[in-house]
Amino acid sequence: MARIWHRTFQDFFSIRRLWLFPLLAGFFWFLTLTILIIRWLSLGRPQYPGQMNPYVPFISDIAAQTFKPVFIVGCAATGVTFFGSMFAVHHVRYSPKFYGLTDDAPWRQTTSLVALVAGLAAAVSLIFLSIFDTDDAHVRHRHLLMGTFGGLFASAVTTTAVWWDQVWGPTVFVGLRKWCLFNTFLVLCQFGCGIAFVSLMYHGHYKSSGILEWCLTYLGSFWLASFVGFTMFREGYEPILEEEAERQPLLV
């Protein structure tokens, strides 16, 4: 059962630029959200037909109207680069050219495969979510929304579980722990915002729930971009213990 991931995904391509996937995913999603909210504000904050929240429209409400092509392009670009991000952040863990944990615990490698499948499900759901909008296909849109959030949740939890040893265990890779901590912090923030969003919306606090939905989705863009720190580890360098780095001379 050893080297499950490495046997499945060989280094058959250049992996020097894998960090571009999370960078572009975060950028595309941030840009898509910003265009939608600026569009809504520039039109004088209109209330759209079928808008459930009378104060702050949900993202789907704005996207279903005049800027639907922008939303489709943004979701497609985000979906593709998000799946690439899930692959990149797990591939660098097991690739001999990066962290080289080829003999990692089988359950971690299997969990990485689960995270990749969940990421694919989230990406496909997001793309179709933008096509079947809440105005023309409300029920299908709701199901795809559940699929998107379900895939995102599963991929976030499994990815955090895989990299948890770099948070809790002894420091092996210098500088990696802070990125793992930051990423885990963003996952917890998104989870808290998601719970608060559902609770407030269920109890009829639409203004607060609308604001929280936008906060939740913007947090997602930073969560995606945080994977850049995982995937920019200097290729070809051996793992350096912090204690060893401190013992190295300043001048060589």
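Using a 4.5 Å cut-off on side-chain heavy atoms (C-beta onward), Val167 and Arg177 make no contact. The closest side-chain heavy-atom distance from Pro22 to Val89 is not below 4.5 Å. Side-chain atoms of Thr184 and Trp164, non-hydrogen and from C-beta on, do get closer than 4.5 Å to each other. Residues Phe28 and Phe82 form no side-chain contact, since every pair of their non-hydrogen atoms from C-beta on lies 4.5 Å or further apart.
Screening residues 210-221 for side chain to side chain donor-acceptor pair (under 3.5 Å) gives Thr34-Tyr218 as the qualifying pairs, with residues at least two apart or on separate chains.
At distances below 3.5 Å, not a single donor-acceptor pair connects side-chain atoms of Lys207 with backbone N or O atoms of Pro54. With Thr81 contributing its side chain and Ala77 its backbone, the two residues share a donor-acceptor pair below 3.5 Å. No donor-acceptor distance shorter than 3.5 angstrom exists from the side chain of Thr78 to the backbone of Cys75, with no hydrogens or angles considered. Without hydrogens or angle criteria, Ser199 side chain to Ala196 main chain gives no donor-acceptor distance under 3.5 Å.
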Would you sort out whether Phe230 and Trp163 count as a side-chain contact (heavy atoms from CB on, under 4.5 Å), showing the intermediate values?
CA-CA 10 Å; Phe230 291 68; Trp163 287 95; 3.8 Å; yes
Residue pair Ser125, Phe149: steps toward the side-chain contact (heavy atoms from CB on, under 4.5 Å) verdict
CA-CA 9 Å; Ser125 296; Phe149 278 112; over 6 Å; no
Let me see the working for Leu216 and Leu212 under side-chain contact (heavy atoms from CB on, under 4.5 Å), right down to the final yes or no.
CA-CA 6 Å; Leu216 173 63; Leu212 273 177; over 6 Å; no
Before you tell me yes or no, could you show the steps for Val56 and Tyr206 under side-chain contact (heavy atoms from CB on, under 4.5 Å), namely the whole-Å CA-CA distance, both residues' side-chain angles and the distance that decides it to 0.1 Å?
CA-CA 8 Å; Val56 182; Tyr206 292 115; over 6 Å; no
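A single hydrophobic cluster is seen to contain both Tyr55 and Ile62, as judged by linkage of ILVMFWY side chains at heavy-atom distances under 4.5 Å, directly or through other members. A continuous path of hydrophobic side-chain contacts links Ile37 to Leu31 [ILVMFWY only; heavy atoms under 4.5 Å]. Val73 and Ile35 end up in different hydrophobic clusters when Ile, Leu, Val, Met, Phe, Trp and Tyr side chains are linked at under 4.5 Å. Val198 and Ile211 fall within a single hydrophobic cluster, where Ile, Leu, Val, Met, Phe, Trp and Tyr side chains are chained together by heavy-atom contacts under 4.5 Å. A continuous path of Ile, Leu, Val, Met, Phe, Trp and Tyr side chains, each step under 4.5 Å between heavy atoms, connects Val70 with Leu43, placing both in one hydrophobic cluster.
Expressed to the nearest 0.5 Å, how far CE of Met86 lies from CG of Leu152 amounts to 8.5 Å. Here the CD1 atom belonging to Ile59 is positioned 12.5 Å from the OG atom belonging to Ser130, to the nearest 0.5 angstrom. Atom NE2 of His91 and atom OG of Ser85 lie 14.0 Å apart (nearest 0.5 Å). Note that CE of Met232 is 13.5 Å distant from CG of Leu176, once rounded to the nearest 0.5 Å. Note that OG of Ser112 is 11.0 Å distant from CZ of Phe87, once rounded to the nearest 0.5 Å. The CZ atom of Phe185 sits 11.0 Å away from the CD atom of Gln190 when rounded to the nearest 0.5 Å.
Phe58 and Gly210 make their closest contact through CE2-CA, 3.9 Å (heavy atoms, listed as atom of the first residue, atom of the second, distance). Between Gly79 and Leu126, the shortest heavy-atom distance links the atoms N-CD2, 4.1 Å. Among all heavy-atom pairs drawn from Leu101 and Gln166, the shortest one is CD1-NE2, 4.4 Å. Closest approach of Ala154 and Ala118 over heavy atoms only: CB-CB, 3.8 Å. Taking all atoms of both residues into account, the shortest heavy-atom contact from Ser226 to Asn183 is OG-ND2, 2.8 Å. Listed here is the closest heavy atom pair of Val187 and Trp223: CG2-NE1, 3.4 Å.
Taking Ile, Leu, Val, Met, Phe, Trp and Tyr as hydrophobic and joining them when side-chain heavy atoms fall under 4.5 Å apart, one finds Tyr202 isolated, its cluster having no other members. Hydrophobic cluster membership of Val80, counting Ile, Leu, Val, Met, Phe, Trp and Tyr whose side-chain heavy atoms lie under 4.5 Å apart directly or via other members: none, as it forms a cluster of its own. Under a 4.5 Å side-chain heavy-atom cut-off, the cluster of Ile, Leu, Val, Met, Phe, Trp and Tyr residues that includes Val157 is completed by Phe153, Phe191, Ile195. Through direct or indirect side-chain contacts shorter than 4.5 Å among Ile, Leu, Val, Met, Phe, Trp and Tyr, Val117 is connected to no other residue.
Among residues two or more places apart in sequence or in another chain, the side-chain contact (heavy atoms from CB on, under 4.5 Å) test is passed with Arg108 by Arg93, Tyr94, Asp104, Ala105, Asp165.
Checking each of Thr111, Thr158, Thr159 against His90 for a side chain to side chain donor-acceptor pair (under 3.5 Å) leaves exactly one that passes, namely Thr159.
Phe182 and Trp179 have perpendicular rings, their planes meeting at more than 60° on a 0 to 90° scale where under 30° would count as parallel. Between Phe71 and Trp29, the ring planes lie tilted relative to each other; the angle falls in the 30° to 60° range.
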